[in-house]
Colleague: 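Pasting in a structure now, in structure tokens, and then I'll have a few things to ask.
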Amino acid sequence: MKNIFKWACSGFFLFQFMQLSAQDVTPNNQPEYDPIMYRQGSVYRSASGKPGPEYWQNEADYKIDATLDDAKQTITGKVTITYHNNSPEALEYIWLYVEQNRFTETSRGTLTTPVMGNRYSGDTDGGYTVSSVQAKVGKRGEASNKYLIDDTRMQVYFNEPIPAEKGVATISMNFTFKIPEAGMDRMGRLETDNGIIYSIAQWYPRVAVFDDVKGWNTEPYLGAGEFYLEYGDFDYSVTVPYDHIVVGSGQLENPKEVLTKTEQERLEKAANSEETVYIITPDEVNNPSVTRPVSSGMVTWHFSMENTRDVSFASSKAFVWDAAKINLPSGNACLAQSVYPKEVAGDNAWGRSTEYVKGSIENYSNQWFEYPYPNAINVASNVGGMEYPGIVFCGVNSTGAGLWGVTDHEFGHIWFPMIVGSNERLYPWMDEGFNTFINHYSTLAFNDGEYPSELTQARSNLGYYTKKNRESIATYPDVVSTSNLGYTAYYKPAMGMMMLREYILGHDRFDYAFKDYIKTWAYKHPQPSDFFNAMENAAGENLNWFWRGWFYGNGNVDIAINRVQPFRGAYVVMLDNRGDIPMPVKLKVTYTDGTEELKELPVEIWQRGDSWNYLLKTDKELESVEIDPDKLTPDINSSNDVWPNDMYKK
């Protein structure tokens, strides 16, 4: 018996033995493992996280003709929507979003904005004027002009239902609105030395999504909640004063009519150049005799874009314009472009914008999914940062790391939600969180880490995780406290994705699963359950405990080393889960001879309780043990991560 009691008295051995045995009989009291979190599939959405054999989504194609009045600062236009009902249900009406109605005194968004204002404050002297509404089913159906507008939603009625499964309807109307100066940090007007920059978005009545989950998605446009839109093909024309330059989503269809021969030649040069090429130089700004093909009147710019959920544009006579080639992994190429006022030109500011656009698009295309659009355009704006298909608006005063960060973030949104079309108005973590996550790796890659990533330190925001008024990721954006939105929508879900890739699944399993999710749901409408199922199936891992704890719960990670004791010629490392979320455990073991080992324990050690004893077999003398040595998890108490405890103080 002397060998058994070599390091301990018989009483302590009995205590140890009882502890070691108890972990096998402790009742399951861990709700994180409750199977209720499993997501059942259907014919529309498979349990494997893919669209089911009968998945459907409707389509909306748009023909838009609009005019920008620079004197009145208005947009006036006509939109014709061809709506394809692919659902199994006949539709007697259709819902559209008329989001310019947010900019009125009596809108729900205005009335729910705090007195002191916030980021989503906006003008209140705007709103749509809509006329000549016509809605017709098929080619020969009788047209209806019946509609209802309630706040930022518009219901258009038909005289007969749109047939299920490939029924077609046409909806047309005229519209006009005053362009807001402060457009909720998503659109607006910027005064510059050489003219106004108009950043135009949410500018035409847009069809709401009708899906198999909620039917019509008609949540009002209040502020923090962004957008959820159907995919379709767009043909749009924008008529502006002759001295304006227009950049927009998609392909410019009439360059010979709106550009000089010199500008066309410069664009061709840029399309084959790795370096930035001026289309309009700073010295040429506001000199229409050099930059414009006509000298008076109005000019119409014609654009088209296929399989997109939206289009936006910018117009100004103040633009410096430059561009460069973007290389895509397929061997194809597209064009990075930037437009900005001459006041912010130069390599210390927007002169590097196109370089940033190129680096961002090339990284995401190589890492996750190839960029699908012909152009990627960055617009200097009074908008701090906002994304649209193929075009983004970024703060005019951004420079250096700030300009890289906002450019990279807004173009990351091309993947979430422009390609993977999740519901931003309800689940911002599926676009903001995923995007913040991929921004981390893009920033590390750009110029070999020229700028730092905000996600490098997993434990840099622990204060939020313990504050009393914190909210879960699952909180809707228009419900969550404005002070918490940065965490619930951006940082915390991004940290969850980081833990999955760097700590829980590893690069190979995570990357395969995440790329498969993107490819599977490209140009479709995934729900949170689709993402959870997709990741679990492709990675081959039950992550129920993680989704429940990190994405739907409000608890924290706190894995602790209780004590380390010698036992039968080895050591027992006694671990506790003192937090609310179980986690796999990585232990860095250091011996007195200077050697180290990494031991990995699966998350299943916590299934029967909050304590686990790990038998560390070794014939070496132990010097220290440390949990999560690379600090990849946001463990809220680092002081109990090491043994001996006084190591932490050192």
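As a basis for the values below, the full set of heavy atoms in this structure was taken, side chains included, without hydrogen atoms, waters or symmetry mates. Nothing fancy with the numbering, it's 1 onward along the sequence.
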Colleague: Can you tell me how far CG of L328 sits from OG of S365, rounded to the nearest 0.5 angstrom?
Modeller: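 It is 5.0 Å, given to the nearest 0.5 Å.
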Colleague: Counting N and O atoms only, with roles assigned by atom type, does the side chain of D431 sit under 3.5 Å from a partner on the main chain of P417, one being a donor and the other an acceptor?
Modeller: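 Not confirmed, D431 side chain does not pair with P417 backbone.
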Colleague: Within the structure provided, determine whether I473 and T475 are in side-chain contact (heavy-atom separation under 4.5 Å).
Modeller: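 No, their side chains stay 4.5 Å or more apart.
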Colleague: Check Y62 against P205 and note the closest heavy-atom contact, atom names and distance.
Modeller: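 That would be CE2-O, 3.7 Å.
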Colleague: Step by step, would you call I438 with H409 a side-chain contact (heavy atoms from CB on, under 4.5 Å)?
Modeller: CA-CA 9 Å; I438 65 174; H409 180 81; over 6 Å; no
Colleague: Donor-acceptor pairs are to be reported for all side-chain atoms of residues 392-405 against protein atoms at under 3.5 Å, with residues two or more places apart or in another chain.
Modeller:
{"unit_1": "S398", "atom_1": "OG", "unit_2": "G395", "atom_2": "O", "d": "3.2"}
{"unit_1": "W404", "atom_1": "NE1", "unit_2": "T443", "atom_2": "OG1", "d": "3.2"}

Colleague: So does K631 get a backbone contact from the side chain of D628, meaning a donor-acceptor N/O pair under 3.5 Å?
Modeller: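 Checking the backbone N and O of K631 against the side chain of D628, a donor-acceptor pair under 3.5 Å is found.
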Colleague: What side chain to side chain donor-acceptor pair (under 3.5 Å) pairs are there with at least one residue in residues 340-349, not counting sequence neighbours?
Modeller: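 Checked against side chain to side chain donor-acceptor pair (under 3.5 Å) - neighbours excluded - the pairs reaching residues 340-349 are D322-Y340.
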Colleague: Indicate whether the side chain of D408 and that of S360 have a donor and an acceptor atom separated by less than 3.5 Å.
Modeller: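 Yes - a donor-acceptor pair under 3.5 Å links their side chains.
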Colleague: Look only at the side chain of T112 and the backbone of G109, and say whether a donor-acceptor pair between them is shorter than 3.5 Å.
Modeller: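 Pair found, side chain donor or acceptor close to backbone of G109.
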Colleague: Charged N to carboxylate O below 4.0 Å: is that the case for R425 and E99?
Modeller: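 So R425 pairs with E99 through a salt bridge.
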Colleague: Under a 3.5 Å distance rule, please check whether Q73 uses its side chain to pair with a backbone N or O of K178 as donor and acceptor.
Modeller: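 Side chain of Q73 to backbone of K178, a donor-acceptor pair under 3.5 Å: no, none is there.
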Colleague: Evaluate salt bridge (charged side-chain N to carboxylate O under 4.0 Å, His left out) for E275 paired with K325, printing each intermediate quantity in order.
Modeller: CA-CA 8 Å; E275 304 298 325; K325 176 184 179 183; over 6 Å; no
Colleague: My understanding is that only one of Y204, F177, Y221 makes a side chain to side chain contact (heavy atoms under 4.5 Å, CB included) with Q100; could you say which?
Modeller: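 Going through Y204, F177, Y221 one by one, the side chain to side chain contact (heavy atoms under 4.5 Å, CB included) with Q100 is satisfied by F177 alone.
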Colleague: Regarding E541 and R509, does a basic nitrogen lie under 4.0 Å from an acidic carboxylate oxygen?
Modeller: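 Counted as a salt bridge, because a side-chain N and a carboxylate O are separated by less than 4.0 Å.
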Colleague: Looking only at side-chain N and O atoms, does H507 offer a donor or acceptor that is under 3.5 Å from a partner on E502?
Modeller: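 Note: E502 and H507 side chains meet the donor-acceptor criterion.
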Colleague: About how many Å separate CZ of R501 and CG of L632, when rounded to the nearest 0.5 Å?
Modeller: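 Answer rounded to 0.5 Å: 11.5 Å.
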Colleague: To the nearest 0.5 angstrom, please state how far the OG atom of S483 sits from the OH atom of Y464.
Modeller: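 So the gap between those two atoms works out to 8.0 Å.
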Colleague: Donor-acceptor pair, R102 side chain versus T152 backbone, under 3.5 Å?
Modeller: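 Not confirmed, R102 side chain does not pair with T152 backbone.
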Colleague: So if I apply the ring-ring contact (aromatic ring centres under 6.0 Å, His included) rule between F434 and each of W415, W521, W368, F416, which one comes out positive?
Modeller: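 Exactly one pass, corresponding to F416.
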Colleague: Distance check, rounded to the nearest 0.5 Å: R548 atom CZ versus L543 atom CG?
Modeller: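 So the gap between those two atoms works out to 13.5 Å.
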Colleague: Would you please indicate yes or no on a ring centroid separation below 6.0 angstrom for H244 and F319?
Modeller: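 No, too far apart.
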Colleague: Taking the side chain as every heavy atom from C-beta outward, state whether I197 and R189 have any atom pair closer than 4.5 Å.
Modeller: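 I197 vs R189: side chains apart.
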Colleague: Using a distance-only test with no angle check, is there a side-chain donor-acceptor pair under 3.5 angstrom linking N533 and N537?
Modeller: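 Looking only at side-chain atoms, N537 and N533 do not form any donor-acceptor pair under 3.5 Å.
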Colleague: Judged by modelled atom types alone, do E230 and N58 share a side-chain donor-acceptor pair under 3.5 Å?
Modeller: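 Not at all, the side chains of E230 and N58 share no donor-acceptor pair under 3.5 Å.
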Colleague: Return yes if some donor-acceptor pair links the side-chain N/O of R459 with the main-chain N/O of T633 below 3.5 Å, else return no.
Modeller: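 At least one qualifying donor-acceptor pair exists.
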Colleague: Below 4.5 Å, heavy atoms only, C-beta onward: do S442 and Y364 meet side chain to side chain?
Modeller: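 S442 vs Y364: side chains touch.
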Colleague: Would you check, one step at a time, whether the test side chain to side chain donor-acceptor pair (under 3.5 Å) holds for N423 with H525?
Modeller: CA-CA 7 Å; N423 187 341; H525 297 312; over 6 Å; no
Colleague: What orientation do Y517 and F514 show, parallel under 30°, tilted 30 to 60°, or perpendicular over 60°?
Modeller: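 It falls in the parallel class, under 30°.
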Colleague: So, R186 side chain and G223 main chain: donor-acceptor pair closer than 3.5 Å or not?
Modeller: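 At least one qualifying donor-acceptor pair exists.
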Colleague: Are any non-hydrogen side-chain atoms of V213 and R45 less than 4.5 angstrom apart?
Modeller: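 Yes, their side chains come closer than 4.5 Å.
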Colleague: Looking at E181, is its backbone amide N or carbonyl O close enough to the side chain of N382 to form a donor-acceptor pair, meaning the two atoms are under 3.5 Å apart?
Modeller: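 Confirmed, N382 side chain pairs with E181 backbone.
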Colleague: When you check the side-chain N and O atoms of E471 and T488, is any donor under 3.5 Å from an acceptor?
Modeller: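 There is no such pair between these side chains.
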Colleague: Are the side chains of S249 and F234 in contact, using a 4.5 Å heavy-atom criterion?
Modeller: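 The answer is no, as the side chains (C-beta and beyond) never meet within the 4.5 Å cut-off.
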Colleague: State plainly whether the residues E355 and K358 are in salt-bridge range, i.e. N to O under 4.0 Å.
Modeller: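 Looking at E355 and K358, the cut-off is not met.
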Colleague: If the test is ring-ring contact (aromatic ring centres under 6.0 Å, His included), which one of W203, W301, Y388 qualifies with F313?
Modeller: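 Going through W203, W301, Y388 one by one, the ring-ring contact (aromatic ring centres under 6.0 Å, His included) with F313 is satisfied by W203 alone.
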Colleague: Please name the pair of heavy atoms, one in A513 and one in A539, separated by the smallest distance, quoted to 0.1 Å.
Modeller: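 Nearest pair, atom of A513 first, then A539: CB-N, 4.0 Å.
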Colleague: Determine the minimum heavy-atom distance between L68 and S315, stating which atoms define it.
Modeller: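 Where L68 meets S315 most closely, the heavy atoms are CD1-CB, 4.0 Å.
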Colleague: Does K492 pair with E432 as a salt bridge, N-O distance under 4.0 Å?
Modeller: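 Judged by the 4.0 Å cut-off on N to carboxylate O distance, K492 and E432 do not form a salt bridge.
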Colleague: With rounding to the nearest 0.5 angstrom, report the CD1 to OH distance, I419 to Y231.
Modeller: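 Answer for the CD1-OH pair, I419 versus Y231, is 8.0 Å.
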Colleague: Taking it one step at a time, do D530 and K524 satisfy side-chain contact (heavy atoms from CB on, under 4.5 Å)?
Modeller: CA-CA 11 Å; D530 298 316; K524 297 182 176 67; over 6 Å; no
Colleague: Would you mind checking if R352 and E450 are paired as a salt bridge, meaning a charged N to carboxylate O distance below 4.0 Å?
Modeller: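 Yes, charged N to carboxylate O under 4.0 Å.
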Colleague: For the pair E362 (side chain) and N327 (backbone), establish whether a donor and an acceptor sit closer than 3.5 Å, ignoring hydrogens and angles.
Modeller: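 Yes: the side chain of E362 pairs with the backbone of N327.
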Colleague: So that I know where these two stand, are Y371 and Y373 an aromatic pair - ring centroids less than 6.0 Å apart?
Modeller: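 For Y371 and Y373, the ring centres are under 6.0 Å apart.
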Colleague: Are W550 and M499 close enough that some pair of their side-chain heavy atoms sits under 4.5 Å apart?
Modeller: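 Yes; the side chains approach each other to less than 4.5 Å.
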Colleague: Walk me through whether Q527 and D211 qualify under side-chain contact (heavy atoms from CB on, under 4.5 Å).
Modeller: CA-CA 11 Å; Q527 298 290 315; D211 62 25; 4.0 Å; yes
Colleague: Look at the rings of Y427 and W429 and say which category their plane angle falls in: under 30° parallel, 30 to 60° tilted, over 60° perpendicular.
Modeller: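 The arrangement is perpendicular - the two ring planes meet at more than 60°.
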Colleague: Sub-3.5 Å donor-acceptor pair from the side chain of D151 to the main-chain atoms of R153, do we have one?
Modeller: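 Not at all, since once roles are kept as given, no pair shorter than 3.5 Å links the two residues.
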Colleague: Would you mind reporting whether T308 and Y523 have side-chain heavy atoms less than 4.5 Å apart?
Modeller: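 No, side chains not in contact.
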Colleague: Pair M184, R119 - check side-chain contact (heavy atoms from CB on, under 4.5 Å), show working.
Modeller: CA-CA 7 Å; M184 291 173 57; R119 177 186 174 185; over 6 Å; no
Colleague: Give me the atom names and distance for the closest heavy-atom approach of V379 to S199.
Modeller: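 Smallest interatomic distance, heavy atoms only, reads CG1-OG, 4.3 Å.
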Colleague: Would you compute the distance between atom OG of S107 and atom CG of L222 and round it to the nearest 0.5 angstrom?
Modeller: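 Between atom OG of S107 and atom CG of L222 there are 8.0 Å.
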Colleague: Just by distance, no angles: are the side chains of N461 and Y491 close enough, under 3.5 Å, to form a donor-acceptor pair?
Modeller: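 Per modelled atom types, N461 and Y491 side chains form a pair under 3.5 Å.
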Colleague: Taking the ring centre of each residue, are F446 and F411 less than 6.0 Å apart?
Modeller: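 Centroid distance F446-F411: not below 6.0 Å, so no.
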